[in-house]
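To start, the structure itself, in structure tokens.
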Amino acid sequence: MRIVFMGTPEFAVPSLEKLCGAGYDVVGVFTQPDRPRGRGKKLMPSPVKETAQKHGIPVFQPEKIRRDGVEDLKALQPDLCVTAAFGQILSQEILDIPRIGTVNVHASLLPRHRGSAPIAWAILQGDREIGVTTMMTDRGIDTGDMLLKKSIPLESTWTCGEATEVLSRLGAELLLETVKGLTDGTVTRIPQDEREMTYDPMLNKDMGEIDWEASPEEIRNRIHAMNPWPGCSVPYEGGRLKLLRARVGDTPGACGTVTVADPKKGLQIGCRGGSVEILQLQAPGGKPMQAKDFLRGHSLETGRKLSGDEGI
RNA sequence: CGCGGGGUAGAGCAGUUUGGUAGCUCGUCGGGCUCAUAACCCGGAGGUCGUGGGUUCAAGUCCCACCCCCGCAA
């Protein structure tokens with residue numbers, strides 16, 4: 001079976017690897033064009049491109065596949081297309097090319113969390129379970145019929161980055177099952193219940209703003225959901241102190257004020273109905289570190305307010 | 001040449017402007033105190049100050065080059 005894979009970030013890599021490892025004939029890979037990224041503004045290939053090249057698979061990087069990629073895709077004569085966090089919307093013309101159709105790997109339990117940042121939104125909204133769904137891609141955004149679904153409990157310690165890693169592996173397994181089931185006819189298409197669907201917008205920097213009037217759980221969820229991007233931070237000595245990891249604390253105090261700051265006891269900040277303990281943070285110019293390590297070299301006064309422009 | 005911050009003991013930092021004995025908090029090791037300790041007291045070990053060169057009587061500090069780490073830009 002001739003498969004064409006479309007994907008871009010790290011999340012899609014295990015799916016591509018699994019297909020190759022299972023012996024499927026991946027005849028081409030579509031991914032986003034190299035973008036200037038990283039320090040020095042160098043042109044960087046996407047993780048999926050690097051993986052494809054490692055396997056010697058031809059790579060196509062149209063700026064807009066529905067405009068510049070149609071002929072290339074037709075020439076590949078795919079039986080099946082697989083998308084995973086590709087980052088481009090497919091036109092009907094594209095969808096009509098593969099004989100069997102196009103399967104998408106989506107990192108949520110559809111119909112909840114349609115959109116491009118499903119994992120972050122699941123964490124942000126306090127979901128107890130997260131998961132992946134494979135589906136037939138159609139012209140809408142994550143609206144197609146579902147094929148297989150797998151869920152796991154969401155650990156309260158997980159950041160979005162960590163959950164993404166776990167789900168990318170789960171998604172790869174599910175994709176393999178789906179492709180198998182699709183070829184031997186054992187999977188069935190299940191329409192999404194539109195009444196239960198939610199569509200979540202892309203993340204932006206403003207979402208890294210912490211409302212200290214929120215509950216400890218809500219604040220922890222936000223910190224974890226925004227890690228690694230866009231990140232939650234508070235003003236600190238002219239820069240920003242990034243808050244990377246947290247848990248519910250045990251030292252209540254006024255919202256947004258430091259209630260504990262000690263190399264041995266850790267760092268806690270008061271919020272509605274309790275406090276949040278900051279476990280891991282990142283100072284300007286520094287690497288991520290444990291909050292207790294940070295406090296060995298920086299002293300924070302208890303009672304200091306860290307909301308607003310003042311910082312800490 | 002996109003902009004900026006940084007590299008000093010096991011960890012986190014100060015010291016660099018103005019060159020002159022390597023400091024702080026914590027950890028660690030030994031001793032003491034205590035019913036007890038994330039408590040306290042005493043003592044010790046632990047450092048090529050990122051690398052190479054230069055200036056100087058003298059360089060963590062000034063000059064040049066290089067290496068590495070991090071933030072912003074999605």
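Chain identifiers are assigned alphabetically (A, B, ...) following the order of the sequence lines, protein sequences preceding nucleic acid strands; residue numbering begins at 1 within each chain. Since this is a predicted model, take the numbers as computed values, not measurements.
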Please state the P separation for the pair U16(B) and G54(B) - nearest whole angstrom. 26 Å

Respond yes when some side-chain nitrogen or oxygen of K41(A) is under 4.0 Å from OP1 or OP2 of G4(B), and no when none is. no

With C1' as the reference atom in both, quote the distance from U61(B) to U21(B) in angstrom, rounded to an integer. 15 Å

How do P284(A) and D262(A) order along RNA chain B: which one's closest nucleotide is nearer the 5' end? P284(A)

How many Å lie between CG on L295(A) and C1' on G27(B), as a whole number? 15 Å

Over all atoms of both residues, closest heavy-atom pair of S275(A) and D250(A): OG-N, 3.3 Å

With the side chain of K287(A) defined as its heavy atoms from C-beta on, choose the nearest nucleotide among A38(B), C70(B), A11(B). C70(B)

Quick one: which residue pairs count as a salt bridge (charged side-chain N to carboxylate O under 4.0 Å, His left out) with a foot in residues 212-226 of chain A, not counting sequence neighbours? E218(A)-R272(A)

Identify the nucleotide, in any strand shown, that forms a Watson-Crick or G-U wobble pair with U18(B), with both distances under 3.5 Å; if there is none, say none. none

Taking the C1' atom in each of A11(B) and G47(B), what is the distance between them to the nearest angstrom? 14 Å

Result of checking R245(A), R247(A), K265(A), K292(A) against E277(A) for salt bridge (charged side-chain N to carboxylate O under 4.0 Å, His left out): R247(A)

Search all heavy atoms of Q32(A) against all heavy atoms of F86(A) and return the closest pair with its distance. NE2-O, 3.4 Å

Rounding to a whole Å, what distance do you find between M289(A):CE and C26(B):P? 18 Å

Grab the CD-P distance between Q268(A) and A38(B) for me, whole Å please. 17 Å

Between G6(B) and A14(B) - P atom distance, rounded Å: 9 Å

Determine the contact category for Q282(A): base if any of its heavy atoms lies under 4.0 Å from a base atom, sugar-phosphate if only primed atoms, P, OP1 or OP2 are that close, otherwise nothing. sugar-phosphate

Partner nucleotide of G30(B) by Watson-Crick or wobble geometry (both distances under 3.5 Å): C42(B)

If you measure from the P atom in C63(B) to the same atom in G7(B), how many Å do you get, rounded? 16 Å

Look at all strands and tell whether R240(A) reaches a base, only sugar-phosphate, or nothing, counting heavy atoms closer than 4.0 Å. nothing

Regarding R240(A) and S233(A), is there a side-chain donor-to-acceptor distance under 3.5 Å anywhere? yes

Could you give the distance separating U18(B) and G2(B) at their P atoms, to the nearest angstrom? 32 Å

Please state how far atom CD in Q290(A) lies from atom C1' in G27(B), giving the value in whole angstrom units. 15 Å

Would you say a side-chain N or O of R39(A) is under 4.0 Å from OP1 or OP2 of C72(B)? no

Return the value, rounded to whole Å, for the distance between atom OH of Y236(A) and atom C1' of G12(B). 11 Å

Touch check for K242(A), heavy atoms < 4.0 angstrom, all strands: base, sugar-phosphate only, or nothing? sugar-phosphate

Counting N and O atoms only, with roles assigned by atom type, does the side chain of T31(A) sit under 3.5 Å from a partner on the main chain of G7(A), one being a donor and the other an acceptor? yes

For C3(B), which nucleotide in any strand shown is its Watson-Crick or wobble partner with both distances under 3.5 Å? G71(B)

Hunt down the Watson-Crick or G-U wobble partner of U48(B), both distances under 3.5 Å, from any strand shown, or write none. none

With a cut-off of less than 4.0 Å, is there a side-chain N or O of K264(A) near OP1 or OP2 of G27(B)? yes

Specify the separation, in whole Å, of atom CZ of F294(A) and atom P of C24(B). 21 Å

Mind checking who G23(B) pairs with, Watson-Crick or G-U wobble, both distances under 3.5 Å? C13(B)

Using the C1' atom as the reference point in each nucleotide, state the distance between A22(B) and A38(B) in Å, no decimals. 29 Å

When the distance from CZ of R37(A) to C1' of G2(B) is rounded to whole Å, what number comes out? 16 Å

Length of the CZ-P vector between R296(A) and G10(B), whole Å: 14 Å

Ranking G285(A) and K292(A) by the position along RNA chain B of their nearest nucleotide, the one closer to 5' is G285(A)

Taking the P atom in each of C24(B) and U34(B), what is the distance between them to the nearest angstrom? 29 Å

Give a yes or no on whether a salt bridge exists between R114(A) and D200(A), defined as a side-chain N under 4.0 angstrom from a carboxylate O. no

